[in-house]
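These notes concern the structure reproduced below.
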2 protein chains.
Amino acid sequence: MLESIALGMLLEKDLTGYDIKKFIENGIGVFYKASFGSLYPALKRLTEKGYLTTRDKPQGSRKKIFYHITEEGRNQFFHWLSSPMDIFEGTNTHLAKVYFFDHLEAEIRSQQLLEYEINNRNYLKKLRELEKGFTELDNKECFYYKLSTLYYGICITEETIRWCRHIRMQKPLTDLLERER
Amino acid sequence: MLESIALGMLLEKDLTGYDIKKFIENGIGVFYKASFGSLYPALKRLTEKGYLTTRDKPQGSRKKIFYHITEEGRNQFFHWLSSPMDIFEGTNTHLAKVYFFDHLEAEIRSQQLLEYEINNRNYLKKLRELEKGFTELDNKECFYYKLSTLYYGICITEETIRWCRHIRMQKPLTDLLERER
DNA sequence: ATGACCATGTAATTGGTTACATGATTTA
DNA sequence: TAAATCATGTAACCAATTACATGGTCAT
């Protein structure tokens, strides 16, 4: 996963490990996190496999290693990019918790759900600010899909908030599916 | 995570490791998977920590170990259950892929997205069937929250399908947020 | 000169996975 | 009697995390 993402970040220009981390944070940080502890070894592996080459460009006495994607690296990346997309299979800690909420005291339960709703509202605010920054640009066609992931985040977060409010108030579950709003 | 879930499954009655796996599959299998390779060691750890006790009840010559949750186990579980819920921090492979779709040939891209939409539709069908099975029961109040996770799955999957169709047709992204439908 | 940021890396640990190994019981 | 399911477990592996370790550069 991280290997593919690192390759993707190097498609357009050579970057250092530190840069790649930044690109990941700013680009897909909303739904993907990488730590140096996993990134640097990943870059090493990619280099060993021949998907990347390195160029040392120390600046003053500061170490700096630029990574460059090779032709095989590109192929590998596009192979990953073209591989089938199954439905989301990840695990969701929060849902696992809610599953057991019938056993929890009503007070703690509603406090938990309220907190969750608030966290999601704050998150949504953050996403909306990111969106605002983008809508002001004019060459949006060039990164329609990049932007689409941000919109996915917004839609899903809004839906999560709706769900949260609904079950916090213990409204009938079937009502959740009839949305006019 | 798995340790907490295993404790939760043992709240009501003693179960074997095999049973717990079944309970996980039927209960939260929709958003959480566990393998024997992680479950059995987890049960061992929980026993070592004093959260579980074991009772061997071989049936015929078939080995069978029932796990029983202790008072400390219960405390531990409720501690987890009451711990704060941050927003979803997990990583989503699919979004990571879509992020790079601007680089992909239009044909493969739309094929990928269509496939993803179809997978989600099938998944939604499955969830709706599960839901049907539950709505026929009468004591729904007893597991409102258990059921709520299923409804969350349905809502999010519907939203994912809506998003998918929208970006497949390359409609303006801002339209995604104005929903009358 | 202090703190924020740039920059690379390792070590210990976590929390899983898949594949393997074994064998009993039930059902078609 | 064969296949499916019940039942427990280990070993090799994987992909990540957190914490640690080191040191340079830039702005205040």
Side-chain angles (χ1 to χ4, degrees), chain A residues 1-7 9-10 14-26 28-29 31-49 51-52 54-68 76 80 86 89-93 96, chain B residues 1-7 9-10 14-26 28-29 31-49 51-68 76 80 86 88-93 96:
Chain A
M1 183 75 257
L2 177 52
E3 292 188 15
S4 300
I5 287 169
L7 288 177
M9 293 301 172
L10 290 164
D14 298 357
L15 300 167
T16 67
Y18 195 88
D19 291 334
I20 294 171
K21 175 100 190 299
K22 274 286 173 69
F23 269 66
I24 291 174
E25 266 162 27
N26 300 331
I28 56 177
F31 54 85
Y32 187 89
K33 325 257 172 252
S35 64
F36 286 124
S38 55
L39 180 57
Y40 283 118
L43 292 170
K44 209 181 204 174
R45 287 195 302 273
L46 287 167
T47 308
E48 278 159 14
K49 287 182 205 165
Y51 297 152
L52 295 180
T54 58
R55 205 170 300 176
D56 287 30
K57 271 191 196 165
Q59 250 148 54
S61 62
R62 180 194 276 173
K63 205 182 197 178
K64 222 165 189 213
I65 304 168
F66 282 86
Y67 289 90
H68 175 81
Q76 172 59 30
W80 171 75
D86 298 328
E89 56 326 56
T91 89
N92 187 330
T93 316
Chain B
M1 183 76 254
L2 177 52
E3 291 188 16
S4 300
I5 287 170
L7 288 176
M9 294 300 172
L10 290 163
D14 298 356
L15 299 168
T16 66
Y18 195 88
D19 291 336
I20 294 171
K21 176 102 191 298
K22 274 285 171 72
F23 269 66
I24 292 175
E25 266 162 26
N26 300 331
I28 55 176
F31 54 85
Y32 188 88
K33 326 257 170 251
S35 64
F36 286 125
S38 55
L39 180 58
Y40 283 117
L43 292 169
K44 208 182 205 174
R45 287 195 302 272
L46 287 166
T47 309
E48 278 160 13
K49 288 183 205 165
Y51 297 151
L52 296 179
T53 57
T54 59
R55 206 169 297 175
D56 287 30
K57 272 191 194 165
Q59 251 150 54
S61 63
R62 180 194 277 177
K63 202 181 198 178
K64 221 167 193 218
I65 303 169
F66 281 86
Y67 288 91
H68 174 80
Q76 173 58 30
W80 172 75
D86 298 327
F88 179 61
E89 57 325 58
T91 89
N92 188 328
T93 315

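Lettering of chains follows the sequences in order, A, B, ..., and the numbering in each one begins at 1.
Considering only heavy atoms from C-beta on, B:K49 stays 4.5 Å or farther from B:Q76 through its side chain. No side-chain heavy atom of B:E3 sits less than 4.5 Å from a side-chain heavy atom of B:L7. In this structure, the side chains of A:T93 and B:M1 come closer than 4.5 Å at one or more pairs of heavy atoms. Contact annotation: the side chain of A:Y67 never approaches that of A:L15 to less than 4.5 Å [non-hydrogen atoms, C-beta and beyond]. Side-chain contact between A:I24 and A:L2 is present, with at least one heavy-atom pair separated by less than 4.5 Å.
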Under 4.0 Å protein heavy-atom contact, by nucleotide of nucleotides 6-19 of chain C - B base, S sugar-phosphate only: BBBBB-----SBB-
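At its two ends the helix from C:dA1-D:dT28 to C:dA28-D:dT1 runs along axes set 30° apart, each axis drawn from five pairs and the angle rounded to 10°.
Rounded to whole Å, the distance from CD1 on A:I24 to P on D:dA16 is 10 Å. Computed from coordinates, the B:I20 CD1 to D:dC6 P distance equals 15 Å when rounded to whole Å.
Judged as a ring-ring contact (aromatic ring centres under 6.0 Å, His included), and not counting sequence neighbours, the contacts of B:Y18 are B:F36.
Under a 4.0 Å N-O distance rule, the pair A:E25/A:K21 qualifies as a salt bridge.
Using a distance-only test at 3.5 Å, with no hydrogens or angles considered, a donor-acceptor pair links the side chain of B:T47 to the main chain of B:L43.
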